[in-house]
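From a predicted model like this one, the values you see are computed outputs, not experimental measurements.
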Amino acid sequence: MRATLTLVGDGTGRRSYILPGYRPSLRVGEKQGDCFIDEFEKINPGETGEVRLRFIIPGAEERFSFKVGDKFTITEGLRIVANGIITEL
């Protein structure tokens, strides 16, 4: 699954860049799942990049029933560090 991902850059999100292999939680409403984010260059807070999302648990994406254009958030604990939009399934 591919997505456009924007790191929150207002001081409330992540304070440093992310690199391929980043393993945050992905949240849509009340649903949450841990994922790998890869196939991108470094993304700094406030920047946007195109990424590939893969859930750690096989088949977890079926729980979310994603469609192109769906929005999601990336969290580290309770802190929202990025917002994203699904661009390709």
Would you say Cys35 and Pro24 make side-chain contact, with heavy atoms under 4.5 Å?
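Cys35 reaches Pro24 side chain to side chain.
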
Taking side chain to side chain donor-acceptor pair (under 3.5 Å) as the test, write out the residues that go with [X], two or more places apart.
X     : answer
Thr4  : Glu50
Gln32 : Ser25, Arg27
Arg63 : none
Thr6  : Thr48

Rounded to the nearest 0.5 Å, what's the gap from CZ on Arg79 to OG1 on Thr12? Could you check?
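The distance works out to 8.5 Å.
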
CG (Leu5) and CD1 (Ile74) are apart, to the nearest 0.5 Å, by 5.5 Å

Counterpart residues, side chain to side chain contact (heavy atoms under 4.5 Å, CB included), relative to Leu78 (two or more places apart):
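Scan of Leu78 (side chain to side chain contact (heavy atoms under 4.5 Å, CB included), adjacent residues dropped) gives none.
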
Go through it in stages, so that I can follow the logic: the residues are Asn44 and Leu7, the test is side-chain contact (heavy atoms from CB on, under 4.5 Å), and I'd like the CA-CA distance, side-chain angles, deciding distance and then a yes or no.
CA-CA 7 Å; Asn44 291 300; Leu7 264 64; over 6 Å; no

Got a sec, which pairs hit ring-ring contact (aromatic ring centres under 6.0 Å, His included) with one end in residues 65-89, sequence neighbours left out?
Phe64-Phe66

Could you tell me which residues satisfy salt bridge (Lys or Arg N to Asp or Glu O under 4.0 Å) with Glu47, sequence neighbours excluded, listed by chain and number?
none

If Ile, Leu, Val, Met, Phe, Trp and Tyr residues are connected whenever their side-chain heavy atoms lie under 4.5 Å apart, and connections chain through other members, are [X] and [Y] in the same group?
X     : Y     : answer
Phe40 : Leu89 : yes
Met1  : Leu26 : yes
Val81 : Phe36 : no

Hydrophobic cluster of Leu19, others only, ordered by chain and residue number, side-chain cut-off 4.5 Å
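In the cluster with Leu19 are Tyr17.
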
Which Ile, Leu, Val, Met, Phe, Trp or Tyr residues join Val8 in one cluster when any pair of side-chain heavy atoms under 4.5 Å counts as a link?
Ile80

Which heavy-atom pair separates Lys67 from Ile86 by the least distance, and what is that distance?
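Looking at all heavy atoms of both residues, the shortest contact is O-CB, 3.7 Å.
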
Which pairs pass side-chain hydrogen bond (donor to acceptor under 3.5 Å, both in side chains) with one or both residues in residues 80-89, sequence neighbours excluded?
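As it turns out, there is no side-chain hydrogen bond (donor to acceptor under 3.5 Å, both in side chains) pair with a partner in residues 80-89 once direct neighbours are skipped.
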
Please report, to 0.1 Å, the donor-acceptor pairs under 3.5 Å made by any side chain of residues 53-62, with sequence neighbours excluded.
{"from": "Arg54", "atom 1": "NE", "to": "Asp38", "atom 2": "OD2", "distance (Å)": "3.3"}
{"from": "Arg54", "atom 1": "NH2", "to": "Asp38", "atom 2": "OD2", "distance (Å)": "3.0"}

Given Val28 and Thr73, is the side-chain contact (heavy atoms from CB on, under 4.5 Å) satisfied, shown in steps?
CA-CA 7 Å; Val28 177; Thr73 58; over 6 Å; no

Salt bridge (charged side-chain N to carboxylate O under 4.0 Å, His left out): pairs with one or both residues in residues 14-23, sequence neighbours excluded
Arg14-Glu76

